[in-house]
Participant: 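Sharing a structure below in structure tokens format, with a few things to ask.
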Amino acid sequence: LPLAFLLTPLLFPLIGLIRGNPYTYMWSSYLSLLYFAHGIGEAYSFPEERLLGFTEIILSLMFFIGSIYYVRCKNRGK
């Protein structure tokens, strides 16, 4: 149940991300910051799951930075 609770917000922007909609990338980058905060909480609170917390932090930062650069490059082409 907790895994489904964590993964459900990722389904909302899925169609827009697949289609390459820059607006969807913009607002879903803010969604990734929720996962960043969750990863920090997991890494700090549970030392035995610290590796999973750091993995969540790295993946959320990669998505955040990647989506910003995607929107930036997509808007330069116009």
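Because the structure is a prediction, the values reported are computed rather than measured.
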Participant: Which atom pairs, donor and acceptor, lie under 3.5 Å between side-chain atoms of residues 5-24 and protein residues at least two apart or in another chain?
Facilitator:
| residue | atom | partner | partner atom | Å |
| --- | --- | --- | --- | --- |
| Thr8 | OG1 | Ala4 | O | 2.5 |
| Asn21 | OD1 | Tyr23 | N | 3.3 |
| Asn21 | ND2 | Thr24 | OG1 | 3.4 |

Participant: OH/Tyr35 to OG/Ser60 distance, rounded to the nearest 0.5 angstrom?
Facilitator: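 Between atom OH of Tyr35 and atom OG of Ser60 there are 10.5 Å.
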Participant: Roughly how far, to the nearest 0.5 Å, is the OG atom of Ser67 from the CH2 atom of Trp27?
Facilitator: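 Answer rounded to 0.5 Å: 11.5 Å.
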Participant: Side-chain heavy atoms under 4.5 Å apart, restricted to Ile/Leu/Val/Met/Phe/Trp/Tyr: what other residues fall into the cluster of Leu51, or is it alone?
Facilitator: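 Members besides Leu51: none; it forms no cluster.
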Participant: Can you pull out every ring-ring contact (aromatic ring centres under 6.0 Å, His included) where at least one residue sits in residues 45-75? Sequence neighbours excluded, please.
Facilitator: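 Listed by first then second residue: Tyr25-Tyr70.
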Participant: Measuring from Met26:CE to Ile68:CD1, what's the distance to the nearest 0.5 Å?
Facilitator: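 Interatomic distance, Met26 CE to Ile68 CD1, rounded to 0.5 Å: 11.0 Å.
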Participant: Roughly how far, to the nearest 0.5 Å, is the OG atom of Ser29 from the CD1 atom of Ile65?
Facilitator: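 Separation between the atoms: 11.0 Å.
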Participant: Which pairs with one or both residues in residues 44-58 pass side-chain hydrogen bond (donor to acceptor under 3.5 Å, both in side chains), sequence neighbours excluded?
Facilitator: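 Of all non-adjacent pairs touching residues 44-58, those that pass side-chain hydrogen bond (donor to acceptor under 3.5 Å, both in side chains) are His38-Glu56.
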Participant: Who passes side chain to side chain contact (heavy atoms under 4.5 Å, CB included) against Ile58, sequence neighbours left out?
Facilitator: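 With neighbours one apart ignored, the set is Met62.
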Participant: Holding to side chain to side chain contact (heavy atoms under 4.5 Å, CB included), I want the full list of residues that pass it with Leu34, two or more places apart in sequence or in another chain.
Facilitator: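 By the side chain to side chain contact (heavy atoms under 4.5 Å, CB included) rule, Leu34 matches Leu31.
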